[in-house]
> 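Would you mind keeping the following structure in view while I ask a few things?
Values reported hereafter were calculated over all heavy atoms of this structure, with side chains retained and with hydrogens, waters and symmetry mates removed. No experiment lies behind these values; they were computed from the predicted model shown. Naming: A, B, ... by sequence-line order, numbering from 1 per chain.
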Number of protein chains: 2
Amino acid sequence: MTTDLTAHPPVTGPPTLDEVAVLAGVSRATVSRVVNESPKVSPEAREAVQAAIAQLRYVPNRMARSLVTRRTDTIALVLSEPNSQVFSDPFFASIVHGVSAALAETDLTLVLLTARDAREQQKIARYARQGHVDGVVLMSLHSEDLLPDILSDAGVPLVLCGRPYDGRSVAYVDADNQGGAQVATEHLIGLGRARVAVLTGPMDMIAGVDRHAGWLRATTDAGRRPDPALVAHGDFTEAGGEAAMARLLDQAPDLDAVFVASDPMAVGALRALRAAGRRVPEDVAVVGFDDADVARVCDPPLTTVAQPLDVMTTELVELLGRQIDGRAAPAETRTCPTRLVRRASA
Amino acid sequence: MTTDLTAHPPVTGPPTLDEVAVLAGVSRATVSRVVNESPKVSPEAREAVQAAIAQLRYVPNRMARSLVTRRTDTIALVLSEPNSQVFSDPFFASIVHGVSAALAETDLTLVLLTARDAREQQKIARYARQGHVDGVVLMSLHSEDLLPDILSDAGVPLVLCGRPYDGRSVAYVDADNQGGAQVATEHLIGLGRARVAVLTGPMDMIAGVDRHAGWLRATTDAGRRPDPALVAHGDFTEAGGEAAMARLLDQAPDLDAVFVASDPMAVGALRALRAAGRRVPEDVAVVGFDDADVARVCDPPLTTVAQPLDVMTTELVELLGRQIDGRAAPAETRTCPTRLVRRASA
DNA sequence: GGAATTCGTGGAAGCGCTCCCACGAACCCT
DNA sequence: AGGGTTCGTGGGAGCGCTTCCACGAATTCC
């Protein structure tokens with residue numbers, strides 16, 4: 001007597017495709033077609049399979065599927081940033097929100113990975129190379145970030161959120177930071193302000209550099225000599241903005257306007273200005289950057305540069321999608337226009 | 001003439017285990033042993049394999065491995081919270097940090113998933129059921145959260161960060177919220193304050209409920225009748241705390257102390273108090289909860305209740321690990337003691 | 001010195017799935 | 001009516017890996 005190889009083994013794990021096939025009285029191939037919504041299935045077969053799936057509470061094993069399709073249907077949003085407080089940056093939160101919203105239409109899943117140090121970066125690189133994800137959106141790069149190199153070397157589809165610091169050839173989506181900063185500064189100058197200061201972000205981030213460059217451009221375009229005393233560097237946080245504003249008031253007590261490179265910093269700056277007894281906008285006009293929620297509710301409401309976050313996140317996933325499908329031009333880039341939002345602070 | 005089946009196919013994707021085996025002149029099994037650090041490999045073989053791996057830049061395909069081992073070596077930290085601003089809650093950031101630090105020792109990877117609505121919850125449930133993760137840490141549960149049920153029904157190893165709202169039987173790790181709140185309130189009473197108010201968190205979160213209960217307990221234990229006018233509800237955010245504090249001052253102008261259920265709220269409360277012309281701690285003593293970074297730097301520095309975050313996160317991953325290995329008692333729980341940190345505000 | 005262990009190794013099965021290919025049944029065209 | 005097309009279906013190979021099992025060589029023991 002031989003063993004019956006078609007007999008059900010003792011039910012061990014979750015149900016498999018074959019068990020569904022047996023129950024539905026069809027072949028594995030047919031079940032697979034139903035699961036993948038192939039049109040080439042008769043209504044009866046489809047119905048039988050669906051009933052069996054429901055009865056068994058069958059869930060396809062994605063690992064097995066990935067093994068053959070080479071797709072995982074998940075993309076990673078990697079936050080490469082030593083400073084854990086980035087979480088609290090509303091810009092970051094908005095990007096996460098936007099990307100996951102853009103993905104909601106698709107059946108892709110978003111996983112968030114954070115890399116605080118080189119070791120965690122390696123771990124993430126390994127994770128990506130091992131085929132856990134179809135692609136990566138990488139954000140918040142400082143100049144010395146290793147991940148872009150590792151990932152693109154490994155052939156992992158990759159789109160940066162923000163222009164890379166060096167001129168490397170890689171796909172990215174960015175806001176027109178320089179243009180926005182320039183418009184903001186021009187607005188301040190147009191208001192008749194004589195001493196327009198700038199409170200920059202970290203200069204090892206391209207957004208910090210670009211926004212500073214915009215201020216510089218507007219300043220020189222207006223025929224003014226850029227005064228080093230009108231420049232202070234912050235770190236994109238509220239506390240950093242407050243401190244930098246205090247320094248700025250110290251360096252240049254006669255300033256009558258300031259372009260602040262992020263809204264959280266601007267909120268801090270507002271506080272420092274109030275502490276120093278300066279009225280906004282009467283004594284000092286303030287323009288922020290980001291159009292974060294806080295810009296609407298702070299006192300006074302902040303004139304600020306809005307980035308088209310929805311456009312940017314949509315572009316981000318579209319670019320990545322094209323790369324994953326292999327139908328992307330190499331190193332495609334998008335620079336999205338910004339827009340000045342006028343409120344009370346300038 | 002027959003086709004040589006052992007011939008190299010045109011190199012298409014990333015290198016596979018077989019290619020390594022061929023190059024090293026050993027069998028697949030041996031390569032696998034080297035990769036998995038089995039001791040049963042001769043030094044020569046090991047060396048040859050390692051050389052081949054290096055030369056080919058071989059990375060094991062995790063999908064294939066998972067298919068047979070039934071392990072993915074990744075766990076998910078799920079943030080189930082409709083409000084996207086949770087990101088900015090330092091407590092949440094600390095948990096993420098702690099869990100990923102606890103995982104750094106292991107070779108597990110942490111993926112972060114966010115579920116803002118029922119649809120995203122379903123997506124995450126599917127993701128987990130499909131075998132993408134070995135286990136799930138679930139945090140920030142409101143009372144009507146579906147995920148615990150779905151996930152535990154699906155047999156996904158699960159540990160909650162925070163006691164579940166209902167008394168469901170599930171593993172969790174929580175701080176002793178009630179105890180901490182009680183100690184905080186007792187401290188305020190011990191300071192000789194007569195009218196000790198409470199600014200709670202959302203009452204559909206267990207942490208909100210428990211911290212309120214601690215205040216209530218201390219109040220009644222002190223022989224006082226809890227006055228509804230001394231209670232206001234916030235939402236754990238700074239802005240919410242500011243607004244609630246203003247309401248509280250309105251309801252009970254004679255209050256001389258307030259226990260605030262989170263540090264961000266306490267910072268908001270501090271601002272509202274200053275706006276109302278109350279001095280802290282002279283007129284109103286304030287105790288917060290969380291011992292967030294901000295508690296140290298705000299003005300005045302905040303007396304607050306510290307949670308042992310490192311212990312909690314360690315327990316979290318340990319409990320989950322035990323569940324994954326199948327050597328966990330059902331629904332193990334841990335409640336970690338809190339500690340009052342005295343600073344200037346009370 | 002022969003039997004009984006080690007020890008390192010390779011062969012091969014199989015994890016759960018997709019998808020190519022072939023096959024028969026039903027249909028259309030001239 | 002016979003040769004083409006559909007069309008739905010099942011068989012089977014194979015994705016890259018782990019792991020059981022067996023096998024021969026190098027030990028070790030009495």
> Between A:Leu138 and A:Leu147, what is the shortest heavy-atom contact and its length?
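Between these two residues, the closest heavy atoms are CD2-CB, 3.9 Å.
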> With A:Gln130, which residues qualify under side chain to side chain donor-acceptor pair (under 3.5 Å), at least two apart?
B:Arg62
> List in chain and number order the residues that pass side chain to side chain donor-acceptor pair (under 3.5 Å) with B:Arg71, two or more places apart in sequence or in another chain; answer none if no residue qualifies.
B:Asp134
> Who are the side-chain contact (heavy atoms from CB on, under 4.5 Å) partners of B:Ala101, not counting sequence neighbours?
none
> Quickly work out the B:Asp18 CG to D:dC17 C1' distance and round it to whole Å.
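Rounding to the nearest Å, CG of B:Asp18 and C1' of D:dC17 are 9 Å apart.
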> Which heavy atom of B:Lys123 sits nearest a heavy atom of A:Thr106, and at what distance?
NZ-O, 3.5 Å
> Between B:Ser42 and C:dC7, does any side-chain N or O lie under 4.0 Å from OP1 or OP2?
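No, because none of the side-chain N or O atoms of B:Ser42 sits under 4.0 Å from OP1 or OP2 of C:dC7.
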> Rounded to whole Å, please give me the gap between NZ in B:Lys40 and C1' in D:dA22.
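The distance from NZ of B:Lys40 to C1' of D:dA22 comes to 15 Å, rounded to the nearest Å.
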> Scan residues 100-130 of chain B for pairs that pass ring-ring contact (aromatic ring centres under 6.0 Å, His included), counting only residues two or more places apart or in two chains.
B:Tyr127-B:His132
> How many angstroms lie between OG1 in B:Thr114 and CD1 in B:Ile124, if you round to the nearest 0.5 Å?
6.0 Å
> Distance check, rounded to the nearest 0.5 Å: A:Cys161 atom SG versus A:Leu77 atom CG?
8.0 Å
> Return the OH to CG distance between B:Tyr172 and B:Leu160, rounded to the nearest 0.5 Å.
9.5 Å
> Return the set of residues passing side-chain contact (heavy atoms from CB on, under 4.5 Å) with B:Ser32 (not counting sequence neighbours), or none when no residue passes.
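Result, side-chain contact (heavy atoms from CB on, under 4.5 Å) vs B:Ser32: B:Leu17, B:Asn36.
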> Give me the bend of the helix from C:dG1-D:dC30 to C:dC27-D:dG4, using the axes of the five pairs at each end, rounded to 10°.
40°
> Would you mind writing out the side-chain donor-acceptor pairs for residues 39-49 of chain A within the sub-3.5 Å range, not counting sequence neighbours?
unit_1	atom_1	unit_2	atom_2	d
A:Ser42	OG	A:Ala45	N	3.3
A:Arg46	NH2	A:Val41	O	3.3

> Could you tell me the separation between the CG atom of A:Leu17 and the P atom of D:dT9, rounded to a whole number of Å?
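Atom CG in A:Leu17 sits about 15 Å away from atom P in D:dT9.
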> Mind checking side chain to side chain donor-acceptor pair (under 3.5 Å) for B:Asp149 and listing every partner two or more places apart, or none if nothing turns up?
B:Arg168
> Donor-acceptor pairs under 3.5 Å, side chain of residues 313-334 of chain A to any protein atom, not counting sequence neighbours: which ones?
unit_1	atom_1	unit_2	atom_2	d
A:Thr313	OG1	A:Leu309	O	2.9
A:Thr313	OG1	A:Asp310	O	3.1
A:Thr314	OG1	A:Asp310	O	2.6
A:Glu315	OE1	A:Arg334	NE	2.9
A:Glu315	OE2	A:Arg334	NE	3.4
A:Glu318	OE2	A:Arg322	NH1	3.4
A:Arg322	NE	A:Glu332	OE2	3.3
A:Arg322	NH2	A:Glu332	OE1	3.0
A:Arg322	NH2	A:Glu332	OE2	3.4
A:Gln323	OE1	A:Leu158	N	3.0
A:Gln323	NE2	A:Leu158	O	2.9
A:Asp325	OD2	A:Arg327	NE	3.4
A:Asp325	OD2	A:Arg327	NH2	3.1
A:Glu332	OE2	A:Ala329	N	3.4

> Rounded to the Å, how far apart are B:Glu47 CD and C:dG8 P?
15 Å
> Counting only side-chain N and O atoms of A:Thr16, is one of them less than 4.0 Å from OP1 or OP2 of C:dG16?
no
> Under a 4.0 Å heavy-atom cut-off, which of residues 53-72 of chain B touch DNA chain C?
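B:Leu67, B:Val68, B:Arg70, in order of number.
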> Measure from CD on B:Glu44 to P on C:dC7 and round the result to the nearest Å.
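Value for this atom pair: 15 Å.
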> Just the atom pairs and distances: protein N or O near nucleotides 23-27 of chain D's N or O, under 3.5 Å.
none

> Does anything in residues 28-36 of chain B come within less than 4.0 Å of DNA chain D? Heavy atoms only, and list the residues if so.
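Under 4.0 Å from DNA chain D: B:Arg28, B:Ala29, B:Ser32, B:Arg33, B:Asn36.
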